Amino acid sequence: MILPKITVAKYLQLRLEELGLDKIFGVAGNYTAPFLTTIIEDPKAKITIIGNTNEINAGHCADAYARLKGIGAVGVTYGVGAFSVLNPVAGSYVEHNPVLVINGAPTTAEQSKSIGEGLLASHMTGDMYSNINVFRQVTVAAEQVMSGNEAPYKIDSVLNALLS
C-alpha cells in the first residue's frame with residue numbers, strides 16, 4: 001500500500017485537529033498562506049481561520065480562546081507579523097495560557113538570496129533567526145522547521161511542551 005505524502009502544513013493541521021483546536025486567529029501573509037490555504041481548501045477541515053485586523057488583536061484573541069478552550073493558536077507571517085504578536089504571546093506565557101504561534105517564514109534559500117543581494121524585503125531583518133530567537137524568550141518551546149523530515153518531531157515536541 002502506498003501512503004499519500006503529507007506536507008508539513010497538513011501534518012500541523014492534523015495534529016492541531018487531534019488536540020481539538022477548531023479556530024486559528026491571525027492575519028494572512030505571504031509566508032502563512034500555504035498553511036492557511038491547506039486548511040481553507042480542505043472540505044473536511046475541523047479548523048476555521050479567523051481573520052483579525054492586526055496581529056496584536058489576533059494574539060489577544062488566541063489568548064482568550066486558550067483560556068476558554070485549553071489551547072489557542074495564532075498564525076502570523078515572518079518579521080512584522082511575528083514581532084507584532086510578541087507582546088500578547090508574552091502575556092500568555094506569563095499567565096500560563098497555552099498559545100501556539102504559527103510563524104510562516106521564507107525558505108533558507110530565499111533568505112540567503114535576499115541577504116546576499118542586500119535586500120530586506122518581505123519584512124526580513126537580515127537575520128534568519130530573528131523571529132525564532134525572540135520567541136524563545138517568551139514561550140515554553142520554539143522550533144524552526146527547516147525540512148519536511150524533521151517536521152513531525154519538532155511539531156510534536158512543541159505541542160507536547162505547550163500542553164504540559
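This is a predicted model, so every value here is computed, not measured.
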If we only count heavy atoms from C-beta on, is the [X] to [Y] side-chain gap below 4.5 Å?
| X | Y | value |
| --- | --- | --- |
| Glu150 | Ser147 | yes |
| Tyr31 | Asn103 | no |
| Val134 | Val138 | no |
| Leu159 | Arg15 | yes |
| Ile24 | Ile102 | yes |

Working for side-chain contact (heavy atoms from CB on, under 4.5 Å), residues Phe135 and Ser130: CA-CA 9 Å; Phe135 280 99; Ser130 61; over 6 Å; no

Is there a path of hydrophobic side-chain contacts, each under 4.5 Å between heavy atoms of I/L/V/M/F/W/Y residues, joining [Y] to [X]?
| X | Y | result |
| --- | --- | --- |
| Tyr11 | Ile49 | yes |
| Tyr153 | Leu14 | no |
| Val76 | Phe83 | yes |
| Ile39 | Ile71 | yes |
| Val27 | Leu100 | no |

How far apart are the closest heavy atoms of [X] and [Y], and which atoms are they?
| X | Y | answer |
| --- | --- | --- |
| Pro34 | Ala9 | O-CB, 4.1 Å |
| Val99 | Ala66 | CG2-CB, 3.9 Å |
| Pro98 | Gly70 | CG-O, 2.8 Å |

- Can you tell me if Asn54 and Ser84 form a side-chain donor-acceptor pair at under 3.5 Å? no

Next item on the list: Could you check Arg67 against Glu95 for side-chain contact (heavy atoms from CB on, under 4.5 Å), going step by step and ending with a plain yes or no?
Entry: CA-CA 10 Å; Arg67 291 171 190 261; Glu95 295 291 330; 3.6 Å; yes

task: Go through the steps for Asp156 and Val158 under the test side-chain contact (heavy atoms from CB on, under 4.5 Å), then give the verdict.
output: CA-CA 5 Å; Asp156 290 349; Val158 167; over 6 Å; no

Across all chains, not counting sequence neighbours, the side-chain hydrogen bond (donor to acceptor under 3.5 Å, both in side chains) partners of Asn97 are Asp63

Starting at [atom1] of [X], measure out to [atom2] of [Y] and round the result to the nearest 0.5 Å.
| X | Y | atom1 | atom2 | value |
| --- | --- | --- | --- | --- |
| Leu16 | Lys23 | CG | NZ | 14.0 Å |
| Cys61 | Ile56 | SG | CD1 | 12.0 Å |
| Ile47 | Leu21 | CD1 | CG | 5.0 Å |
| Ile6 | Gln13 | CD1 | CD | 10.0 Å |

Kindly check if the number of other-residue, nucleotide or ligand heavy atoms within 6.0 Å of NZ (Lys46) is above 12? no

For Glu41, what residues pass the salt bridge (charged side-chain N to carboxylate O under 4.0 Å, His left out) criterion, not counting sequence neighbours?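 Not a single residue meets the salt bridge (charged side-chain N to carboxylate O under 4.0 Å, His left out) criterion with Glu41.
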
What verdict does the side-chain contact (heavy atoms from CB on, under 4.5 Å) test give for Asp42 and Lys10, after you've listed the backbone C-alpha separation in whole Å, the side-chain angles of each residue and the deciding distance to 0.1 Å? CA-CA 10 Å; Asp42 180 355; Lys10 180 54 79 172; 2.8 Å; yes

> When you measure from the side chain of Asn131 to the backbone N and O of Tyr78, does any donor-acceptor pair fall under 3.5 Å?
Replying inline: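 Flag not set: sc Asn131 to bb Tyr78 has no pair under 3.5 Å.
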
Review point. Any sub-3.5 Å donor-acceptor pair from Thr37's side-chain atoms to Ala33's backbone N or O?
Key: yes

side-chain contact (heavy atoms from CB on, under 4.5 Å) filter on Ala58, not counting sequence neighbours, yields Phe25, Asn52, Val74

